[in-house]
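Reviewing the structure listed below.
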Amino acid sequence: MTIIDGKKVSADIKAEIAREVEARVAEGKRRPHLAAILVGHDGGSETYVAHKVKACEECGFKSTLIRFESTEDAPLDPAELMATIEKLNADPDVDGFIVQLPLPKHIDEQAVIEAVLPEKDVDGFHPVNVGKQSIGLPCFHSATPAGIVELLRRYDIPTRGKRVVIVGRSNIVGKPLAAMLMQKAQPGDATVTVCHSATEDLADICREADILVAALGRPGFITADMVKPGATVIDVGTTRVADATRKSGFRLRGDVDYDAVSPKCSFITPVPGGVGPMTICSLMQNTLQAARAKD
Ligand code: GUN
């Protein structure tokens, strides 16, 4: 059994990106510039955005963090957020930007996603990028699925003709990953099944998977009896569970019962240190791609 080391792969990719950025700068080109909008103080979002800013530094990018306060007593006016998005859309110095999700409930998340110019949508969430991705056109790929595909590529895990089962049909993981892995490409060319809360005989379907992807957000959901011996298991779950032994008071748990499942696998991603670090890497790759497109 091989533990897929997302931390190491992401460090390698960030070093590759940093080398390209320095070569660009030596040629007189601008550093890629990523902006991030963070609304409120959701703990997970604060952590993710801090990691994104740090990754920008590691890659030699310029980064800008724009914060908005929003509380129940003083909710952010959505028009203010939209005005900032318009400003970033029009700013020639910004190559790409993201609005960290989730947003407070009073803000229409889909309207925000659609307000970002597709050429600057380095999250790959805009319907234009989603549509292009689904028909295999060049676009910004959504970060988590792109990170998973990169791990499969770098660990030489075959996908062609293989049975992939994805548990979870979210717009940011399950659906785009299914599109990418069924594409006539390498990695790709897989036979993909997407399971969800209404799926019957879920365990039977999971047991058929050569590559099983758990992306439903339920800690420990995938148990050993659901995994075919020798399968590759990709765990996208990152649920915070209480842990009094940690300074933070919590730890991250994946959707896979790692201790029971890992001995059965050929490859498995740990949580943390598997898919998570790759997601940020993909965002950096997309931002570099956005900068290159403006050369
Ligand atoms: N919230 C959880 N994952 C993501 C992501 O990849 N991008 C943004 N913008 N928000 C998120």
Side-chain angles (χ1 to χ4, degrees), residues 6 10 13 34-56 61 63-68 70 76 78 81-82 84-85 88-89 94-105 107-130 133 139-151 168-177 179-180 213-218 234-240 252-255 269 271-272 274-287 289-290:
S10 82
I13 294 174
L34 174 71
I37 300 177
L38 177 58
V39 180
H41 293 275
D42 173 80
S45 294
E46 289 272 4
T47 307
Y48 289 136
V49 169
H51 284 152
K52 289 171 187 179
V53 170
K54 182 164 167 273
C56 283
F61 291 5
S63 69
T64 302
L65 173 57
I66 300 166
R67 281 179 170 275
F68 287 105
S70 186
L76 172 66
L81 177 58
M82 288 300 193
T84 300
I85 291 172
L88 293 172
N89 280 339
V94 172
D95 295 296
F97 66 99
I98 63 155
V99 182
Q100 188 65 29
L101 305 178
L103 290 168
K105 292 208 170 15
I107 298 176
D108 178 350
E109 223 163 68
Q110 192 58 29
V112 167
I113 287 170
E114 292 184 28
V116 177
L117 263 188
E119 305 90 273
K120 294 200 176 191
D121 167 41
V122 284
D123 258 332
F125 289 171
H126 192 287
V128 165
N129 282 317
V130 174
Q133 176 169 282
C139 64
F140 292 121
H141 292 280
S142 115
T144 302
I148 293 169
V149 170
E150 193 65 33
L151 285 177
R169 59 177 155 186
S170 71
N171 288 345
I172 65 175
V173 184
K175 284 179 199 156
L177 181 62
M180 287 166 83
V213 182
L216 69 161
R218 294 202 13 210
I234 306 289
D235 190 349
V236 188
T238 50
T239 305
R240 287 181 168 196
L252 292 183
R253 247 202 104 192
D255 289 345
T269 60
V271 175
V275 173
M278 293 301 296
T279 297
I280 292 178
C281 249
S282 307
L283 179 65
M284 299 298 118
Q285 285 173 316
N286 281 349
T287 306
Q289 184 185 320

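Remember, it's 1-based here, ligands and their atoms both numbered in the order they're listed.
A search for side chain to side chain donor-acceptor pair (under 3.5 Å) contacts involving S282 returns nothing, not counting sequence neighbours.
Within 6.0 Å of CZ on R240 lie more than 12 heavy atoms contributed by other residues, nucleotides or ligands.
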May I have a table of the N/O to N/O pairs between ligand 1 and the protein that fall below 3.5 Å, each row giving the two atom names and the distance to 0.1 Å?
| from | atom 1 | to | atom 2 | distance (Å) |
| --- | --- | --- | --- | --- |
| ligand 1 | 1 (N) | Q100 | NE2 | 3.3 |
| ligand 1 | 1 (N) | L101 | O | 2.9 |
| ligand 1 | 7 (N) | D123 | OD1 | 3.1 |
| ligand 1 | 7 (N) | D123 | OD2 | 3.3 |
| ligand 1 | 9 (N) | V99 | O | 2.9 |
| ligand 1 | 9 (N) | D123 | OD2 | 2.6 |
| ligand 1 | 10 (N) | Q100 | NE2 | 3.4 |
| ligand 1 | 10 (N) | L101 | N | 3.0 |

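Considering I85, T64, L65, I98 in turn, I85 is the only one that fulfils the side-chain contact (heavy atoms from CB on, under 4.5 Å) rule with I37. The one candidate from V271, V213, V275 that meets the side-chain contact (heavy atoms from CB on, under 4.5 Å) condition with D235 is V271.
Within the structure, side chain to side chain donor-acceptor pair (under 3.5 Å) pairs that include any residue of residues 36-46 comprise H41-E46, H41-E69, D42-S45, E46-R67 (at least two apart or interchain).
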Side-chain donor-acceptor pairs of residues 112-119 under 3.5 Å, sequence neighbours excluded:
| from | atom 1 | to | atom 2 | distance (Å) |
| --- | --- | --- | --- | --- |
| E114 | OE2 | Q110 | NE2 | 2.9 |

